[in-house]
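Remarks on the structure that follows.
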Number of protein chains: 2
Amino acid sequence: MAGSEPPPPLSPALTRNQGLVLDLLRTVGEPLGAYAILDRLRSQGLRAPAQVYRALDRLAALGLVHRLETRNAFVACTRGAHPPQVTVFVLCDRCGAARELADDGHTAALAALARRAGFQVLGGRIELRGLCGRCGRMAASESPDDEDPGP
Amino acid sequence: MAGSEPPPPLSPALTRNQGLVLDLLRTVGEPLGAYAILDRLRSQGLRAPAQVYRALDRLAALGLVHRLETRNAFVACTRGAHPPQVTVFVLCDRCGAARELADDGHTAALAALARRAGFQVLGGRIELRGLCGRCGRMAASESPDDEDPGP
DNA sequence: GGCGGAACCGTTATATTATAACATAACATT
DNA sequence: AATGTTATGTTATAATATAACGGTTCCGCC
Ligand SMILES: [Zn+2]
Ligand SMILES: [Zn+2]
Ligand SMILES: [Zn+2]
Ligand SMILES: [Zn+2]
């Protein structure tokens with residue numbers, strides 16, 4: 001959604017390509033694939049996938065963008081800087097919207113769960129799929145006996 | 001066409017290709033990419049990626065195998081059949097081991113978290129990365145800059 | 001000023017992962 | 001047998017991601 005949050009000031013140490021990619025992702029506000037990013041930045045001079053992937057790598061390492069593994073897409077972080085490298089996303093099956101949620105201590109609880117199994121957690125991803133509020137209401141009102149296959 | 005044995009613990013209605021893929025994944029016990037599966041099943045007559053992907057799609061829909069999004073790989077389920085649940089995996093950065101953990105109600109808590117944000121959760125994935133017990137001990141006891149992938 | 005290194009850049013080619021499209025085979029139901 | 005349905009085999013292609021190479025810019029330093 002446009003204008004839901006004042007975007008944090010651009011990081012100082014970003015290079016030109018990194019700034020272009022981050023700016024695009026923040027403007028669009030929804031997940032974009034690397035090649036979609038490339039297409040939209042051709043007018044700015046980007047021409048090859050490697051340029052986009054390099055910028056994305058850096059931005060992801062800085063925590064400014066996140067990769068959505070279940071979609072092979074990238075989205076700008078909507079929270080500030082996170083301390084941990086675990087994100088929680090909810091993804092709408094119908095409209096494709098992605099929303100990053102503030103972890104409510106769940107990642108710490110999951111890390112404890114893993115530790116009981118002998119694992120040391122260094123990072124991770126939580127991607128939940130389903131229906132966003134609007135699409136859920138639409139699906140409920142349009143066809144009451146709708147059935148959706150599992151994950 | 002040769003005398004095939006009745007699959008004893010295997011699921012009821014699996015077709016030949018589905019059985020081959022599931023059997024392989026259960027035997028191997030670790031994540032395999034679709035093309036690795038294909039290579040290992042060429043001797044059984046499989047020749048094209050679509051055959052493997054079709055079998056994997058069915059097996060995943062039945063909950064007998066899971067897809068590891070962060071690795072683009074597939075692994076046999078080590079728990080029974082789960083309902084419509086969310087899976088929790090822990091993946092070792094060093095040896096590649098994947099272990100499926102029993103969710104301790106965390107997925108329900110995450111679904112509640114999502115619902116508070118207006119989202120209806122229909123499924124999802126939790127993939128945590130880090131070090132398994134053995135690799136964690138090795139990394140702790142040896143020098144921190146040691147790197148030696150096992151055979 | 002010249003020099004070395006580091007980071008970034010642009011480009012080409014290639015690898016890896018996944019699906020589309022279509023024709024056939026197998027099987028059950030009538 | 002005719003039919004509908006599902007699974008299969010096959011080819012080709014799409015979509016995603018990285019390797020490899022050389023050039024440029026910048027900065028600290030001798
Ligand atoms: Zn974030
Ligand atoms: Zn939606
Ligand atoms: Zn499972
Ligand atoms: Zn390990």
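Proteins come first, then strands; the chains are lettered A, B, ... in the order of their sequence lines, and each starts at number 1. Keep in mind it's a predicted model, so treat the numbers as computed, not measured. Side chains are part of it too, since the values below use all heavy atoms of this structure and drop only hydrogens, waters and symmetry mates.
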Q. Does a side-chain heavy-atom distance below 4.5 Å link Arg16(B) with Gln44(B)?
A. yes
Q) Near DNA chain D, which residues from residues 35-44 of chain B have a heavy atom under 4.0 Å away? A) none
Q. Going by side-chain heavy atoms closer than 4.5 Å, which hydrophobic residues are tied to Val75(A), directly or by a chain of links?
A. Leu68(A), Phe89(A), Leu91(A)
Q | Residue pairs fulfilling salt bridge (charged side-chain N to carboxylate O under 4.0 Å, His left out) with at least one residue in residues 34-45 of chain A, sequence neighbours excluded | A | Asp39(A)-Arg42(A)
**Q.** Whole angstrom value for the distance that separates P of dT16(C) from CG of Asn72(A)
**A.** 16 Å
Q: Give me the first and last nucleotide of DNA chain D, going 5' to 3', that has any atom under 4.0 Å from a heavy atom of chain B.
A: dA7(D) to dT11(D)
Q: Kindly state each residue pair satisfying salt bridge (charged side-chain N to carboxylate O under 4.0 Å, His left out) with at least one member in residues 44-58 of chain B, sequence neighbours excluded.
A: none
Q. Any side-chain heavy-atom pair from Val21(B) and Val65(B) closer than 4.5 angstrom?
A. no
Q. By side-chain contact (heavy atoms from CB on, under 4.5 Å), which residues pair with Glu30(A), not counting sequence neighbours?
A. Val28(A)
Q | By side-chain contact (heavy atoms from CB on, under 4.5 Å) - contacts of Ala34(A) (at least two apart) | A | Val52(A), Tyr53(A), Leu56(A), Phe74(A)
Q: Please tell me which of Pro49(B) and Ala73(A) maps to the more 5' nucleotide of DNA chain D, matching each residue to the nucleotide holding its nearest heavy atom.
A: Pro49(B)
(Q) Looking at Arg99(A) and Ala117(B), would you say the former's side chain and the latter's main chain have a donor-acceptor pair under 3.5 Å? (A) yes
Q) Side-chain contact, heavy-atom cut-off 4.5 Å: Leu59(B) with Leu25(B)? A) no
Q.
Quick check: do Leu64(A) and Arg26(A) have side-chain heavy atoms less than 4.5 Å from each other?
A. yes
Q. Taking atom P of dA21(C) as reference, at what distance in whole Å does atom OH of Tyr53(B) sit?
A. 18 Å
(Q) Side-chain heavy atoms under 4.5 Å apart, restricted to Ile/Leu/Val/Met/Phe/Trp/Tyr: what other residues fall into the cluster of Leu131(B), or is it alone? (A) Leu122(A)
Q: Can you tell me which residue pairs pass the side-chain hydrogen bond (donor to acceptor under 3.5 Å, both in side chains) test with a partner in residues 115-126 of chain A, sequence neighbours excluded?
A: Glu69(A)-Arg125(A), Arg116(A)-Asp104(B)
**Q.** Set of residues satisfying side-chain contact (heavy atoms from CB on, under 4.5 Å) with respect to Ala114(B), sequence neighbours excluded
**A.** Val90(A), Leu101(A), Leu128(A), Phe119(B), Val121(B)
Q: Have a look at the helix from dG1(C)-dC30(D) to dT30(C)-dA1(D) and give the angle its two end axes make, five pairs each, rounded to 10 degrees.
A: 10°
N/O to N/O distances under 3.5 Å, protein versus nucleotides 7-10 of chain C:
from: dC8(C); atom 1: OP1; to: Arg58(A); atom 2: NH2; distance (Å): 3.1
from: dC9(C); atom 1: OP1; to: Thr15(A); atom 2: OG1; distance (Å): 2.9
from: dG10(C); atom 1: OP2; to: Asn17(A); atom 2: ND2; distance (Å): 2.8
from: dG10(C); atom 1: OP2; to: Gln51(A); atom 2: NE2; distance (Å): 2.5
from: dG10(C); atom 1: O5'; to: Gln51(A); atom 2: NE2; distance (Å): 3.2
from: dG10(C); atom 1: N7; to: Arg54(A); atom 2: NH2; distance (Å): 2.5
from: dG10(C); atom 1: O6; to: Arg54(A); atom 2: NH1; distance (Å): 3.1
from: dG10(C); atom 1: O6; to: Arg54(A); atom 2: NH2; distance (Å): 3.3

